[in-house]
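Labels below follow one simple rule: chain letters A, B, ... track the order of the sequence lines, proteins then strands, and each chain is numbered from 1.
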Amino acid sequence: NAGVTQTPKFQVLKTGQSMTLQCAQDMNHEYMSWYRQDPGMGLRLIHYSVGAGITDQGEVPNGYNVSRSTTEDFPLRLLSAAPSQTSVYFCASKLAIGGEQFFGPGTRLTVL
Amino acid sequence: AQSVAQPEDQVNVAEGNPLTVKCTYSVSGNPYLFWYVQYPNRGLQFLLKYITGDNLVKGSYGFEAEFNKSQTSFHLKKPSALVSDSALYFCAVRDWGLMDSNYQLIWGAGTKLIIKP
């Protein structure tokens, strides 16, 4: 199993540009989520999904959209990039509510 | 409201010495508690969790954590530190009594552990 994969690993955007961060898992996990990691702030949940066709907002959803058309994929879209979105983004998946999360390697995004 | 605190930004330990990384939490009901480790330029990896049962939980890489309900703490420990243990450690909590579909964990800010040879 590849686990949780994310692409790209690095990305530089200009303010106002849009892009999609890709996330895929091959463990047949129902739960998937997107976090951003900023220094001294731990992880903050952006959006999450409890199954295909079901998504919901986390703690910091503004400026981001998600969709979950399949169990495997959970892309994160930045609609109009802003410097405040400069961060490291992690995708994670888990099998059940009390289970451990599996994290992807992260995408380091810089918005100029 | 749920919350978790890691009071130390950084912990420095000499190799071979015991280490402790502190975590305290606040939930209304009973907690799910987790520890994750993040090595440089990598994603987070699961170390251990407490849901119920024995207060001493053993996890990966020789780490263990003790759940203390009266002190609302879940400190991470290892008897003998290795240089390779140097990483960023995160504590996370969820109130398992919450009846909602949001399985969100509340994450601490992280503690940088530095093991010196």
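Residue contact with chain A, scored on non-hydrogen atoms closer than 4.5 Å, is absent for B/Q6. Only the side chain of A/Q37 has a heavy atom closer than 4.5 Å to any heavy atom of chain B. Looking at B/L88, only its side chain comes within 4.5 Å of chain A, counting heavy atoms on both sides. For A/R44, no part lies under 4.5 angstrom from a heavy atom of chain B.
At a cut-off of 3.5 Å, with distance as the only test, a side-chain donor of B/S70 or B/N68 sits close to an acceptor on the other residue.
A salt bridge links B/K58 with B/E64: the distance from a Lys NZ or Arg NE/NH1/NH2 to an Asp or Glu carboxylate oxygen falls below 4.0 Å. We find that A/R68 and A/D73 are not joined by a salt bridge, their nearest charged nitrogen and carboxylate oxygen being 4.0 Å or further apart.
For an aromatic pair to be called close, the ring centres must be under 6.0 Å apart, and A/Y64 with A/H47 fails this. Centroid-to-centroid, the aromatic rings of A/Y35 and A/Y48 stay 6.0 Å apart or farther. Aromatic pair B/F34/B/F90: centroids not less than 6.0 angstrom apart.
Between atom OG1 of residue A/T7 and atom CG of residue A/L21 there is a gap of 8.5 Å, rounded to the nearest 0.5 Å.
Of the residues considered (A/G106, A/C91, A/P105), A/P105 shows the highest number of contacts with chain B, using heavy-atom pairs under 4.5 Å.
By a heavy-atom distance cut of under 4.5 Å, B/W107, B/G108, B/A109 are the residues of residues 107-117 of chain B near chain A, going up by number.
Classified by interplanar angle (parallel below 30°, tilted 30° to 60°, perpendicular above 60°), the ring pair B/Y36/B/F46 is perpendicular.
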